[in-house]
Amino acid sequence: MKLRSVLTAFALVLGALFAPGVGVLAGATEAHAATKISHATAASMFRASGITWSSSGGCSDRNNPTCTSFDQLNRATAQGAQTLKSASGCGLNITGGTETGHASGTYSHGNGYKLDFGKATCLTNYVKNTFTYIGVRGDGAPQWQSGAGNVYADEGNHWDVTFYNCGGC
């Protein structure tokens, strides 16, 4: 009976360590543990993968809502975009990054977790045919979740993507 108690306690400890969102191994996915990169670094990564970006203001100032900025983007978010590009084979154009003007929150644009991608038939078909539909968001946007856990919200004229990780990079 004593061995059974020890094994049960051991199993509970292992479960706590490895369970998603808890334990010591979850730290790398928490908002405060993300590695931030500069606009120049992200732009270089995107250029290398053939990903384009645009802004209505033709600028990259993080403090201007008409710009598209990658300043303070999470490295995993940039890598997630690269993974999406290579997995989908679609042309990707980023229309929103870390600039002001987006909704706030832990997993927000401003905290480096989200990118907006311009709508394109190839990307829309890829998301809807590859990922799992998970219902509508509080604002009514339909959502799909990748196998890696990243969430793609159809906001009508663009895809709002939350990259919790690099998508299997």
Side-chain angles (χ1 to χ4, degrees), residues 18-37 39 41-43 45-46 48-56 62 65 67-169:
F18 291 101
V22 269
V24 296
L25 297 180
T29 62
E30 293 174 3
H32 61 80
T35 301
K36 304 295 184 179
I37 59 176
H39 180 87
T41 297
M45 292 171 70
F46 296 146
S49 295
I51 298 170
T52 61
W53 60 94
S54 58
S55 72
S56 59
R62 180 179 167 92
C67 297
T68 297
S69 175
F70 306 130
D71 187 39
Q72 296 298 301
L73 189 69
N74 296 337
R75 180 175 299 280
T77 300
Q79 292 169 325
Q82 290 178 306
T83 300
L84 175 62
K85 168 73 174 160
S86 63
S88 69
C90 298
L92 298 180
N93 183 57
I94 299 170
T95 59
T98 60
E99 66 280 350
T100 189
H102 298 281
S104 62
T106 301
Y107 297 103
S108 63
H109 282 274
N111 283 337
Y113 286 89
K114 287 188 169 202
L115 290 171
D116 289 340
F117 294 93
K119 269 292 190 68
T121 302
C122 180
L123 180 58
T124 296
N125 289 342
Y126 179 78
V127 169
K128 291 182 177 183
N129 294 325
T130 307
F131 302 144
T132 303
Y133 178 73
I134 58 170
V136 295
R137 204 167 58 184
D139 63 0
Q143 302 176 102
W144 285 260
Q145 187 170 41
S146 73
N150 297 323
V151 176
Y152 294 70
D154 184 345
E155 292 191 346
N157 64 347
H158 68 274
W159 284 99
D160 176 75
V161 182
T162 307
F163 290 100
Y164 295 105
N165 58 63
C166 69
C169 61

Taking only residues two or more places apart in sequence, or in another chain, which ones meet Thr100 in a side chain to side chain donor-acceptor pair (under 3.5 Å)?
-> none

Got a sec, which residues hit side chain to side chain donor-acceptor pair (under 3.5 Å) with Arg62, two or more places apart in sequence or on another chain?
-> Thr98

Ser54: side chain to side chain contact (heavy atoms under 4.5 Å, CB included) partners, not counting sequence neighbours | Asn93, Thr95

Salt bridge (Lys or Arg N to Asp or Glu O under 4.0 Å): pairs with one or both residues in residues 126-144, sequence neighbours excluded | Arg137-Asp139, Arg137-Glu155, Arg137-Asp160

Closest approach of Tyr126 to Ala87 (non-hydrogen atoms, all atoms of both residues) | OH-CB, 3.4 Å

Residues in side chain to side chain contact (heavy atoms under 4.5 Å, CB included) with Ala120, at least two apart?
-> none

Does a side-chain heavy-atom distance below 4.5 Å link Gln145 with Asn150?
-> no

Mind running side-chain contact (heavy atoms from CB on, under 4.5 Å) on Leu123 and Leu84 for me, showing each step along the way?
-> CA-CA 9 Å; Leu123 180 58; Leu84 175 62; 4.1 Å; yes

How about Trp159 and Trp144: do any of their side-chain heavy atoms sit closer than 4.5 Å?
-> yes

Criterion side-chain contact (heavy atoms from CB on, under 4.5 Å) on Leu115 and Leu73, from CA distance to verdict | CA-CA 9 Å; Leu115 290 171; Leu73 189 69; 3.9 Å; yes

Closest approach of Pro142 and Tyr133, non-hydrogen atoms and distance?
-> CB-CE1, 3.9 Å

Starting at OG of Ser86, measure out to CG of Leu92 and round the result to the nearest 0.5 Å.
-> 9.5 Å

Only counting residues at least two apart or in another chain, list the ones meeting side chain to side chain donor-acceptor pair (under 3.5 Å) with Thr35.
-> none

Determine, stepwise, if the pair Lys36 / Asn74 fulfils side-chain contact (heavy atoms from CB on, under 4.5 Å).
-> CA-CA 5 Å; Lys36 304 295 184 179; Asn74 296 337; 2.7 Å; yes

Below 4.5 Å, heavy atoms only, C-beta onward: do Lys119 and Asp154 meet side chain to side chain?
-> yes

Can you name the closest pair of heavy atoms from Gly149 and Tyr164 and give their distance?
-> O-CD1, 3.3 Å

Distance col, row Ile134:CD1 vs Gln143:CD, nearest 0.5 angstrom, shows 4.5 Å

Partners of Thr83 by side chain to side chain contact (heavy atoms under 4.5 Å, CB included), sequence neighbours excluded?
-> Cys169

From CA spacing to verdict: side-chain contact (heavy atoms from CB on, under 4.5 Å), Tyr107, Phe163 | CA-CA 8 Å; Tyr107 297 103; Phe163 290 100; over 6 Å; no

Under the side chain to side chain contact (heavy atoms under 4.5 Å, CB included) test, which residues partner Cys122, sequence neighbours left out?
-> Cys90

Gly105 versus Asn111, closest heavy-atom pair with distance = O-ND2, 2.8 Å

Excluding sequence neighbours, so at least two apart, what forms side chain to side chain donor-acceptor pair (under 3.5 Å) with Ser49?
-> Gln82

Residues pairing under ring-ring contact (aromatic ring centres under 6.0 Å, His included) where one sits in residues 78-103, two or more places apart or in two chains, turn out to be His102-His109

Got a sec, which residues hit ring pair (Phe, Tyr, Trp, His ring centres under 6.0 Å) with Phe70, two or more places apart in sequence or on another chain?
-> His39, Phe46, Trp53

Shortest non-hydrogen pair, Gly167 vs Ala148, comes out as CA-CB, 3.7 Å

In terms of heavy-atom contacts, Phe131 and Gly147 come closest through CD2-N, 4.4 Å

Mind checking the CD1-NZ spacing from Ile51 to Lys85? Nearest 0.5 Å is all I need.
-> 7.0 Å

Just grab all the salt bridge (Lys or Arg N to Asp or Glu O under 4.0 Å) pairs involving residues 94-113, residues at least two apart or on different chains.
-> none

